[in-house]
Asks: 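Just dropping this structure here.
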Amino acid sequence: MKKIYLDSAASTVIDERVIEAMIQSMKEDFGNPSAIHSFGQESKSKIETVRKNIAQWLHVNSNEIIFTSCGTESNNLIIRSCVENLHIRRIITSPLEHKSVLETVRDLKEKHLELEIVFLPILNKQGDLDFSHLENLLQDNIPTLVSLMHSNNEIGNLTDIEYIAKLCKKYNALFHSDTVQTMAHYPLDFSKIPVDFASCSAHKFHGPKGIGIAFIRKSTGLKGIMTGGAQERNMRAGTENVHSIVGLGKSFDMAMKELNERRKTIEELKRYTIDQLLKKIKGVSFNGHGTDFSKSIYTLLSILLPFPNTMVGFQLDMKGVAVSQGSACASGASKPSKTMLQLYGEDELKNTTTLRISFSHYNTIEEIDVLINILSEIQENKVSTILS
Ligand code: PLP
């Protein structure tokens with residue numbers, strides 16, 4: 001059975017060229033980058049080449065690129081250091097953020113009782129946020145960090161980060177954007193989008209797991225939070241993961257060079273999936289702004305099936321198709337995700353199933369056909385079970 005992978009928002013298959021670059025680096029770059037001998041300096045120079053290259057893609061200074069272990073670490077570093085070192089007294093964020101932001105904010109609130117946390121209200125079932133409320137809040141003269149993700153990882157909604165960044169600038173607030181789902185999928189030019197901080201993770205664009213970036217604008221004066229080493233310009237202590245940095249660099253470079261081509265393929269797949277679902281799955285609907293390509297990330301489609309079935313993800317997996325079921329299974333009971341509950345409420349979700357289908361340029365129309373046929377079979381079985 002040929003397996004079909006439609007869960008690239010969770011993690012992507014590693015590009016063969018990235019694997020080759022990493023193997024070569026593992027063989028060659030074993031010297032500690034902090035050592036002054038030639039072995040160390042060779043490793044150091046590989047890291048600096050990647051840093052410079054990524055900085056060029058993002059139109060920033062290379063000393064504003066800090067290598068971390070992942071998106072979660074980057075979000076932690078930025079948000080925690082803003083409170084602990086830049087004396088931020090208020091964080092404005094949204095209830096739809098990734099848990100690496102939400103749980104960090106919650107933890108900071110427990111440790112710093114004076115810290116104010118504001119969640120922007122959700123305006124509608126599509127998950128739009130109330131940005132006029134954000135502007136009202138920013139008019140108070142409180143040292144503030146705004147943290148809003150570029151694309152939501154469950155429903156795919158895009159935030160206009162250029163607009164938010166400019167709004168934050170106008171009111172002297174700092175702006176962090178979790179760009180884990182969008183970096184290397186969109187051409188982000190941070191010389192035009194005045195974000196102060198952004199996070200990125202290589203395994204979302206065919207790079208290795210365990211390596212990420214924190215973009216930290218120099219002018220913010222942010223400091224590292226880990227002790228024990230001066231690596232990464234004092235921003236992130238610990239011996240650098242050289243071969244993973246090389247892998248990150250290669251995958252970033254490939255993603256940016258092939259961006260238009262990959263995007264065209266993936267957009268066609270997403271359009272086809274929407275079209276086929278509407279034709280073959282009765283009562284299907286789309287979460288967030290899924291069908292609006294200007295408001296939703298092209299790599300992801302979250303759907304709401306009009307029947308309750310905690311086993312859909314499992315049934316698909318049994319047939320070799322991997323998607324993400326938008327539910328967290330605790331003690332055998334399947335519950336809708338927090339994001340879905342924020343959008344719809346428990347009652348409305350009672351007789352539904354959420355699936356997140358996420359694409360890469362390696363997927364094909366034939367694979368989408370297999371997915372839709374299985375979903376259609378599942379729906380028919382479900383109908384006959386109800387009738388019998
Ligand atoms: N932020 C978003 C929006 C994500 O989708 C993810 C991963 O799914 C993360 C942060 C965490 O990234 P990592 O897996 O590199 O820790």
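None of the values given here were measured: they were computed from a predicted structure. Each ligand, and each atom within it, is numbered from 1 in the order the structure gives.
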Asks: Just verifying a value: how many Å separate E73 CD and S199 OG, rounded to the nearest 0.5 Å?
Replies: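 It is 11.0 Å, given to the nearest 0.5 Å.
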
Asks: Taking only heavy atoms of S100, which atoms of ligand 1 are found under 4.0 Å from at least one of them?
Replies: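 In order of numbering, the contacting atoms are 10 (C).
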
Asks: Using a plain distance cutoff, I'd like to know if G71 has any nitrogen or oxygen under 3.5 Å from a nitrogen or oxygen of ligand 1.
Replies: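 N/O-N/O distance under 3.5 Å: yes.
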
Asks: Which one of I357, L269, L371 satisfies the side-chain contact (heavy atoms from CB on, under 4.5 Å) criterion with N363?
Replies: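 Of all the options given, the one that passes is L269.
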
Asks: Atom OG1 of T353 and atom CG of L375: how far apart are they, to the nearest 0.5 Å?
Replies: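 Here the interatomic distance stands at 10.0 Å.
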
Asks: Pick whichever of E154, K99, H203 has a heavy atom sitting closest to atom 14 (O) of ligand 1.
Replies: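 Closest candidate by heavy-atom distance is H203.
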
Asks: Please list the nearest protein heavy atom to atom 5 (O) of ligand 1 with its residue and the distance rounded to 0.1 Å.
Replies: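 Protein heavy atom with the smallest distance to atom 5 (O) of ligand 1: Q181 NE2, 2.8 Å.
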
Asks: We want to know whether D292 and S296 form a side-chain donor-acceptor pair, criterion being a heavy-atom distance below 3.5 angstrom.
Replies: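 No pair is found: no donor N or O on one side chain lies under 3.5 Å from an acceptor on the other.
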
Asks: Taking only residues at least two apart or on different chains, which pairs with a member in residues 4-14 satisfy salt bridge (charged side-chain N to carboxylate O under 4.0 Å, His left out)?
Replies: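 Matches after skipping sequence neighbours: D7-R356.
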
Asks: Which of the atoms of ligand 1 are close to M149, meaning less than 4.0 Å from one of its heavy atoms?
Replies: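 Near M149, the atoms of ligand 1 are 3 (C).
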
Asks: Are K270 and F293 in a cation-pi setup, meaning NZ or CZ lies under 6.0 angstrom from the ring centre and within 45 degrees of the ring axis?
Replies: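 Yes - K270 lies over the ring of F293, closer than 6.0 Å to its centre and within 45° of its axis.
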
Asks: Counting only heavy atoms closer than 4.0 Å, does ligand 1 sit against the backbone of C70, its side chain, both, or neither?
Replies: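 Under 4.0 Å from ligand 1, C70 contributes backbone and side-chain atoms.
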
Asks: Can you tell me which residue and heavy atom of the protein come closest to atom 4 (C) of ligand 1, and the distance to 0.1 Å?
Replies: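 Looking only at protein heavy atoms, the one closest to atom 4 (C) of ligand 1 is H98 CD2, 3.4 Å.
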
Asks: Can you tell me which residue and heavy atom of the protein come closest to atom 1 (N) of ligand 1, and the distance to 0.1 Å?
Replies: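 So the nearest neighbour among protein heavy atoms is D178 OD2, 2.6 Å.
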
Asks: Any chance you could lay out the side-chain hydrogen bond (donor to acceptor under 3.5 Å, both in side chains) test for T182 and H150, step after step, and finish with the verdict?
Replies: CA-CA 7 Å; T182 52; H150 190 194; 2.8 Å; yes

Asks: Which residues pass the side chain to side chain donor-acceptor pair (under 3.5 Å) test with R51, not counting sequence neighbours?
Replies: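 If we apply the side chain to side chain donor-acceptor pair (under 3.5 Å) test to R51, skipping adjacent residues, the hits are E48, E232.
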
Asks: Out of all atoms in ligand 1, which are within 4.0 Å of some heavy atom of S201? Include the element for each.
Replies: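 Taking each heavy atom of S201 in turn, ligand 1 has 13 (P), 15 (O) under 4.0 Å.
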
Asks: Report yes or no: does E73 have a heavy atom closer than 4.0 Å to ligand 1?
Replies: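 No heavy atom of E73 comes that close to ligand 1.
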
Asks: Select one of side chain, backbone, both or neither to describe which atoms of T72 lie under 4.0 Å from any atom of ligand 1, heavy atoms only.
Replies: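 Both backbone and side chain.
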
Asks: Give me the residue, atom name and distance of the protein heavy atom closest to atom 8 (O) of ligand 1.
Replies: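 The closest one turns out to be K204 NZ, 2.6 Å.
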
